[in-house]
There are 2 protein chains.
Amino acid sequence: MSKHAKEMEILKEHLGKHQLKFTRQRELILDAFLKQEHITAEEMYHQLARKDPHLGLATIYRTLNLFCEAGLAQARHFGTQTQYDNVSHKGHHDHLICTGCGKIVEFENCDIERLQEEVASRNGFTIQTHRLELYGLCSRCRH
Amino acid sequence: MSKHAKEMEILKEHLGKHQLKFTRQRELILDAFLKQEHITAEEMYHQLARKDPHLGLATIYRTLNLFCEAGLAQARHFGTQTQYDNVSHKGHHDHLICTGCGKIVEFENCDIERLQEEVASRNGFTIQTHRLELYGLCSRCRH
DNA sequence: TTGAAATTGATAACCCGTCTCAAAAAGAAT
DNA sequence: ATTCTTTTTGAGACGGGTTATCAATTTCAA
């Protein structure tokens, strides 16, 4: 039995609800995906290149998008590529980024997160994750 | 004299520092850019199609990227396109993004912005701009 | 005015991601 | 197990957005 039983169950439930089929490829890709915090389709393609049923790039894209619909993954456009984030992975933090020297300070703020939930539910959304980046000048660069 | 004198000055300073030249095209593009809150290269291309020195799409891309380096713009990858945000524009808005169907809802929340300021000043930062994206499922995709 | 260096515009090239379609696999009903 | 319908797969074609190429033009310092 896989160590990703819970997520596998979520996937199977989603498949059942949408007349989709459980395949060896989807199982393989989910296993590989859940080992990462985030990954691109291209990276996963190389990672799984030598697995038993050979996985086509199209299948990887399709499957990662399927995971997004099932709520297991989250697509994030980063530079030119799309990052697929593992939603089950917690420990999220936000960033203060100095535009002068590039310094990055991590922070967490519960009040902000609570307000985010409010905004989301007011719009009918259920938040899976978020990205908050504050850009500015640190005390040193301001002078 | 242009009404965007301050930004024009920032641009000229950046150009000077990097041995770049001030051209009619850069001036035109900056003027058009500053009138918007955010814009894509393609949109700007159509907007400026009939201006006096005809502007090539490549020039628009190059110039908007230049503005990013000068700190006047901020690139944001949105779906397949890149949005160039006007950093000087206040009343910044944030985004709720559905990971299922890609729907995007814009919102503004002063309380969140105030808390951001607090976090920043506690860390000695002066915020220039920020990016807040909430990812989740909209009401339709949740079912 | 001159000349070196940067810029421009047209378009080719590029990259990422999606679409197409015939062959294979899944899964329900025999 | 066998059949049959439906979905999935993989290879490659395709498409949209962005960047690279390069000859002609413009900038600007000397």
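None of these values were measured; they are calculated from a predicted model.
Rounding to whole angstrom units, OH of residue Tyr61(B) and C1' of dC15(C) are separated by 13 Å. The separation between His77(B) atom NE2 and dC16(C) atom P is 13 Å, rounded to whole Å. Taking atom CG of residue Leu66(A) and atom C1' of nucleotide dG17(C), one finds them 16 Å apart after rounding to whole Å.
Partners of Arg62(A) by side chain to side chain donor-acceptor pair (under 3.5 Å), not counting sequence neighbours, listed by chain and number: Thr59(A). Judged as a salt bridge (charged side-chain N to carboxylate O under 4.0 Å, His left out), and not counting sequence neighbours, Arg140(B) has no contacts. Applying the side chain to side chain donor-acceptor pair (under 3.5 Å) rule to Asn65(B) yields the partners Tyr84(B); only residues at least two apart in sequence or on another chain are considered. Listed by chain and number, the residues in a side chain to side chain donor-acceptor pair (under 3.5 Å) with Thr40(A) amount to none (sequence neighbours excluded). Looking at residues two or more places apart in sequence or on another chain, you find a side chain to side chain contact (heavy atoms under 4.5 Å, CB included) between Glu117(B) and Ile127(B). The salt bridge (charged side-chain N to carboxylate O under 4.0 Å, His left out) search around Glu13(A) returns Lys17(A), not counting sequence neighbours.
Applying the ring-ring contact (aromatic ring centres under 6.0 Å, His included) test to every pair with at least one member in residues 20-58 of chain A, sequence neighbours left out, gives these pairs: Phe33(A)-Phe67(A).
Judged purely by atom type and a 3.5 angstrom limit, Asn123(B) has no side-chain atom pairing as donor or acceptor with the backbone of Phe125(B). Between the His14(A) side chain and the Ile10(A) main chain, no donor and acceptor come within less than 3.5 Å of each other. Side chain of Asn109(A) to backbone of Asp111(A): a donor-acceptor contact under 3.5 angstrom is found. Arg26(B) contributes a side-chain N or O that, together with a main-chain N or O of Lys21(B), makes up a donor-acceptor pair within less than 3.5 Å. No side-chain donor-acceptor contact under 3.5 Å links Asp85(A) to the backbone of Val87(A).
The two residues Gln25(A) and Leu55(A) have their closest heavy-atom pair at CG-CD2, 3.2 Å.
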Write out a two-atom table: protein N or O, nucleotide N or O from nucleotides 20-22 of chain C, distance below 3.5 Å.
none

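Contacts of residues 41-52 of chain B with DNA chain D (heavy atom under 4.0 Å): none.
Here the CD-NE2 distance, from Gln116(B) to His130(B), works out to 4.5 Å after rounding to the nearest 0.5 Å. Here CG of Leu48(B) is found 11.5 Å from CD of Glu43(B). Values are rounded to the nearest 0.5 Å.
In 5' to 3' order, the nucleotides of DNA chain D bounding all contacts with chain B (an atom under 4.0 Å from a heavy atom) are dG17(D) to dC28(D).
Contacts of Thr40(B) with the nucleic acid, taken as non-hydrogen atoms under 4.0 Å apart, are absent.
Along DNA chain D, the nucleotide nearest to Leu57(A) and the one nearest to Tyr84(B) differ in position, and the one closer to the 5' end is contacted by Leu57(A). Along DNA chain C, the nucleotide closest to Gln19(B) and the one closest to Leu55(B) are compared, and the more 5′ of them pairs with Gln19(B).
Side-chain nitrogen and oxygen atoms of Thr82(A) include at least one within less than 4.0 Å of the OP1 or OP2 phosphate oxygen of dG17(C).
No salt bridge links Lys6(B) with Glu9(B); every basic N to acidic carboxylate O contact stays at or beyond 4.0 Å.
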Task: nucleotides 24-30 of chain C: protein proximity per nucleotide (B base, S sugar-phosphate only, - neither; heavy atom, under 4.0 Å) - done: --BS---

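Taken over five-pair windows at either terminus, the axes of the helix from dT1(C)-dA30(D) to dT30(C)-dA1(D) are inclined to one another by 30° (rounded to 10 degrees).
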